[in-house]
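Note sheet for the following structure.
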Amino acid sequence: MGRICPIDLSVDLYRGALMSDIILYIGNKNLSSWSLRPWLLMRQAGIEFEERLVRLDVAEERASLGEISPSAQVPALVHAGQTIWDSMAIAEYLNEQFPAAQLWPAERQARAAARCVSMEMHAGFSNLRQFWPMNFSRANMNHLCPPPVHREALRIVEIWTMCRKRFANDGPFLFGQFSIADAMYAPVVSRFRTYGPLDLNEHVVDYCQTVWTLPAMRAWGEDAKRELAGEAI
């Protein structure tokens, strides 16, 4: 779905938006957890977009972020001359633009719960982010797991277990069918694989396997490996 295009700093961003209906600017695939969220959401929903990679470890490209996004950060989505520069805001924007994709659960209680757990991910878990940064291509690393990280990891396990038990009657994701909530937690699936092990129950093990083996997640992972090898993607 996504078409990879190297960033061209000479191209006017809004003119570029008219050339391609939706442009998503992302950071390095091995490291940028926030970029993964809208990228995976659009791939899963079948939303066509043009992907532009900003290599955050290249000074010139990182410096260009101020021209791309008011926050000077990725991800940033450009559509119809407008820039949306926050992962959760991008998800909500896509939900409004593509209602047929049903990016939130249809049932009222499930939808409210999905928004709650998504916002909890968006706003919280600062210790886990600090000590367990996304390293998509690595697995089974021996790394620090201080008590605050362990508590936050257990809270995520609690969230996933609750969602799977209460709302996942019609599919393998948190609310049955893939939703914004799954996109928000996809980088944590990667982190658990990288920094585990944790004591995971059956609901969580199955969920992690479901997300990790999605074709879109596998495609992101292949690109992350090529990044580390210094290959063009």
Side-chain angles (χ1 to χ4, degrees), residues 1-2 22 24 26 29 33-49 75 77 84 86-125 128-129 134 136 152-194 196-222:
M1 297 293 178
I22 299 177
L24 181 68
I26 62 171
K29 287 187 173 178
S33 60
W34 290 109
S35 297
L36 171 58
R37 292 174 166 106
W39 187 96
L40 181 64
L41 182 65
M42 285 194 282
R43 286 289 295 263
Q44 283 298 114
I47 298 170
E48 292 283 350
F49 66 100
L77 185 142
I84 301 93
D86 172 87
S87 290
M88 198 68 225
I90 291 171
E92 290 285 15
Y93 181 82
L94 293 170
N95 181 60
E96 292 177 355
Q97 293 296 313
F98 301 95
Q102 296 184 320
L103 300 181
W104 287 120
E107 195 274 324
R108 179 180 59 84
Q109 291 187 354
R111 187 168 62 252
R115 282 195 163 106
C116 286
V117 300
S118 296
M119 291 308 300
E120 186 172 349
M121 180 73 254
H122 187 262
F125 305 106
L128 186 142
R129 298 183 206 281
M134 192 172 83
F136 201 93
E152 290 181 357
L154 291 181
R155 171 58 186 153
I156 291 171
V157 169
E158 180 182 23
I159 288 171
W160 290 354
T161 303
M162 178 273 292
C163 292
R164 292 288 303 145
K165 286 183 175 180
R166 290 185 57 191
F167 300 110
N169 295 326
D170 64 342
F173 298 103
L174 292 180
F175 293 86
Q177 302 304 306
F178 190 92
S179 73
I180 290 169
D182 299 292
M184 291 302 294
Y185 281 93
V188 181
V189 172
S190 169
R191 284 177 163 101
F192 280 8
R193 182 176 180 274
T194 299
L198 292 169
D199 185 15
L200 304 179
N201 62 50
E202 180 181 356
H203 294 283
V204 173
V205 170
D206 290 347
Y207 175 68
C208 286
Q209 181 67 10
T210 294
V211 173
W212 187 252
T213 57
L214 287 172
M217 283 285 279
R218 295 173 68 89
W220 179 279
E222 290 302 315

* Can you spot which of Trp104, Phe173, Phe175 makes a ring-ring contact (aromatic ring centres under 6.0 Å, His included) with Phe167? =>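 It is Phe175, the one option of Trp104, Phe173, Phe175 that forms the ring-ring contact (aromatic ring centres under 6.0 Å, His included) with Phe167.
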Ignoring hydrogens and angles, tell me if any N or O in the side chain of [X] forms a donor-acceptor pair with the backbone of [Y] under 3.5 Å.
X	Y	result
Arg129	Gly124	yes
Trp212	Met217	no
Tyr185	Val117	yes
Ser87	Trp34	yes
Asp182	Leu174	yes

Nearest-0.5 Å distance that lies between atom [atom1] in [X] and atom [atom2] in [Y]:
X	Y	atom1	atom2	result
Tyr207	Leu200	OH	CG	13.0 Å
Ile159	Phe125	CD1	CZ	4.0 Å
Lys29	Met134	NZ	CE	10.5 Å
Gln97	Ile47	CD	CD1	9.5 Å
Ile22	Tyr93	CD1	OH	7.5 Å
Arg115	Ser179	CZ	OG	10.5 Å

Flag side-chain contact, heavy atom, 4.5 Å: [X] against [Y]:
X	Y	answer
Leu24	Pro38	yes
Met184	Ile180	yes
Met121	Arg37	yes
Arg43	Phe49	yes
Phe178	Leu41	yes

* Can you list the steps and then say if Glu92 with Ile84 is a side-chain contact (heavy atoms from CB on, under 4.5 Å)? -> CA-CA 10 Å; Glu92 290 285 15; Ile84 301 93; over 6 Å; no
List the atom of [X], the atom of [Y], and the distance in Å for their closest heavy-atom pair.
X	Y	answer
Ala219	Trp39	CB-CH2, 4.4 Å
Leu94	Leu77	CD2-CD1, 4.1 Å
Phe136	Gly221	CE2-CA, 3.3 Å
Val189	Cys208	CG1-O, 3.6 Å

* Asked: Which residue pairs satisfy the side chain to side chain donor-acceptor pair (under 3.5 Å) criterion with at least one member in residues 158-170, sequence neighbours excluded?
  ->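 Of all non-adjacent pairs touching residues 158-170, those that pass side chain to side chain donor-acceptor pair (under 3.5 Å) are Arg155-Glu158, Thr161-Asn201.
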* With side-chain contact (heavy atoms from CB on, under 4.5 Å) as the test, would you mind laying out the steps for Met88 and Ser118 before giving the verdict? => CA-CA 8 Å; Met88 198 68 225; Ser118 296; 4.2 Å; yes
* Intermediate values then yes/no, side-chain contact (heavy atoms from CB on, under 4.5 Å), Ile156 and Leu128 -> CA-CA 10 Å; Ile156 291 171; Leu128 186 142; 4.0 Å; yes
